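Take a look at the structure set out below.
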Amino acid sequence: MTRLLALPGSLRKGSFNAALARAAAGLVPADVEIEVGSIVGIPLYDADLEAEQGIPEPVRALKERIVAADGLIFATPEYNNGIPGVAKNAIDWLSRPPADIPRVFGGLPVTLIGATPGAGGTMLAQAAWLPVLRTLGAAPWFGPKLYVSGAGRAFAVDGFAAFARAMTPSRQGREAP
């Protein structure tokens with residue numbers, strides 16, 4: 001069994017990237033399992049906090065989930081043509097202490113996917129993550145890219161449901177096959 005961790009890079013409850021990660025989890029072969037993780041609860045990185053209290057529990061727990069995974073699917077939003085601060089913050093915590101970087105990220109297969117309401121998908125954010133992944137020693141996958149643009153329209157069924165509702169009267173009275 002190949003175990004993958006999908007990690008949305010957003011805190012929002014209605015995150016398009018969390019929805020994308022959940023969709024990916026439902027589309028895998030029988031011998032693959034995707035667990036959807038979260039960066040919710042990770043505090044802002046503060047070296048003083050690290051020195052005084054060590055690694056926060058949400059960070060420690062997520063690090064262990066990454067270590068246990070055979071690969072990481074990072075579902076990144078794109079904010080202002082770049083990496084979202086909360087996602088970068090999570091990675092900054094996950095790379096602490098530096099001695100843990102090889103254990104957590106060294107040789108880790110990573111792919112980037114992303115959804116955004118904007119027209120460009122998450123192309124710029126995904127490109128901006130590559131130097132970070134390289135620095136961490138991860139093994140990025142350079143297969144087909146997945147950029148979901150117009151995510152508000154792609155994930156919403158409101159418009160289609162309204163259309164179907166409007167069409168229902170014209171379809172009544174049809175015989176079942």
Side-chain angles (χ1 to χ4, degrees), residues 1-47 49-79 82-116 122 125-148 151 155:
M1 176 74 63
T2 302
R3 297 179 57 217
L4 305 175
L5 177 65
L7 190 60
S10 175
L11 303 177
R12 194 168 65 87
K13 289 179 185 168
S15 164
F16 297 128
N17 286 282
L20 187 59
R22 288 190 303 272
L27 297 172
V28 296
D31 63 339
V32 176
E33 174 185 289
I34 295 180
E35 173 189 1
V36 179
S38 175
I39 62 171
V40 172
I42 294 178
L44 289 175
Y45 179 74
D46 179 343
L49 174 68
E50 181 184 9
E52 293 167 9
Q53 301 176 16
I55 303 299
E57 179 55 28
V59 176
R60 191 203 60 71
L62 184 54
K63 284 171 81 165
E64 295 312 313
R65 289 169 78 185
I66 293 170
V67 168
D70 296 313
L72 178 65
I73 300 170
F74 195 64
T76 184
E78 182 172 298
Y79 297 167
I83 296 173
V86 295
K88 179 64 167 68
N89 177 70
I91 296 299
D92 291 343
W93 263 118
L94 292 165
S95 66
R96 303 299 303 169
D100 272 4
I101 293 172
R103 183 178 76 86
V104 178
F105 293 105
L108 177 69
V110 177
T111 192
L112 296 160
I113 62 175
T116 186
T122 58
Q126 289 188 37
W129 276 112
L130 295 177
V132 175
L133 295 175
R134 187 175 306 112
T135 297
L136 296 173
W141 182 64
F142 294 106
K145 305 291 182 238
L146 177 58
Y147 311 117
V148 178
F155 286 105

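By convention here, the first residue in the shown sequence is residue 1. Keep in mind that this is a model prediction, so the values were computed, not measured.
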Could you go step by step and tell me if Met1 and Val32 meet the side chain to side chain contact (heavy atoms under 4.5 Å, CB included) rule? CA-CA 6 Å; Met1 176 74 63; Val32 176; 5.5 Å; no
Please report the interatomic distance CH2(Trp141) to CG(Leu133), rounded to the nearest 0.5 Å. 14.5 Å
Side-chain contact test, heavy atoms from C-beta onward, threshold under 4.5 Å: evaluate it for Phe74 versus Pro140 and give yes or no. no
Non-hydrogen side-chain atoms of Ser95 and Leu136 separated by less than 4.5 Å: yes
To the closest 0.5 Å, what do you measure between CD1 (Ile73) and CG (Leu4)? 5.0 Å
Do Thr116 and Phe16 have side-chain heavy atoms sitting under 4.5 Å apart? no
Could you give the distance from OH (Tyr147) to CG (Leu112), rounded to the nearest 0.5 Å? 9.0 Å
CD1/Ile113 to CG/Leu7 distance, rounded to the nearest 0.5 angstrom? 10.5 Å
If you look only at pairs with a residue in residues 86-112, which of them pass as a ring pair (Phe, Tyr, Trp, His ring centres under 6.0 Å), with sequence neighbours excluded? Tyr45-Trp93
On a heavy-atom basis, which atom in Ala87 and which in Gly9 lie closest, and how many Å separate them? CB-O, 3.7 Å
For a quick test of reading the model, state the closest non-hydrogen atom pair linking Ala21 to Pro8 and the distance between them. CB-CG, 4.1 Å
I want to check something: taking the side chain as every heavy atom from C-beta on, are Glu50 and Ile55 in contact at a cut-off of under 4.5 Å? yes
Side chain to side chain contact (heavy atoms under 4.5 Å, CB included) between Leu62 and Leu5: does it pass, once the steps are laid out? CA-CA 10 Å; Leu62 184 54; Leu5 177 65; 4.2 Å; yes
Rounded to the nearest 0.5 Å, how far does CD of Gln126 lie from NZ of Lys145? 7.0 Å
I'd like to know if Asp92 pairs up with Lys88 as an ion pair, taking the criterion as any Lys NZ or Arg NE/NH1/NH2 lying under 4.0 Å from an Asp or Glu carboxylate oxygen. yes
Among Leu11, Val59, Ile91, which residue satisfies the side chain to side chain contact (heavy atoms under 4.5 Å, CB included) criterion with Ile42? Val59
For the residue pair Ser15 and Ser10, what are the closest heavy atoms and their distance? OG-CB, 3.4 Å
Quick check: closest heavy atoms across Ala115 and Thr122, and the distance to 0.1 Å? N-CG2, 3.6 Å
Between Thr76 and Asn17, is the side chain to side chain contact (heavy atoms under 4.5 Å, CB included) condition met? List the steps. CA-CA 6 Å; Thr76 184; Asn17 286 282; 5.5 Å; no
Gap between atom CD of Glu52 and atom CG of Asp46 - 0.5 Å precision: 7.5 Å
Phe142 vs Leu130, test: side chain to side chain contact (heavy atoms under 4.5 Å, CB included). Steps then yes/no. CA-CA 10 Å; Phe142 294 106; Leu130 295 177; 4.0 Å; yes
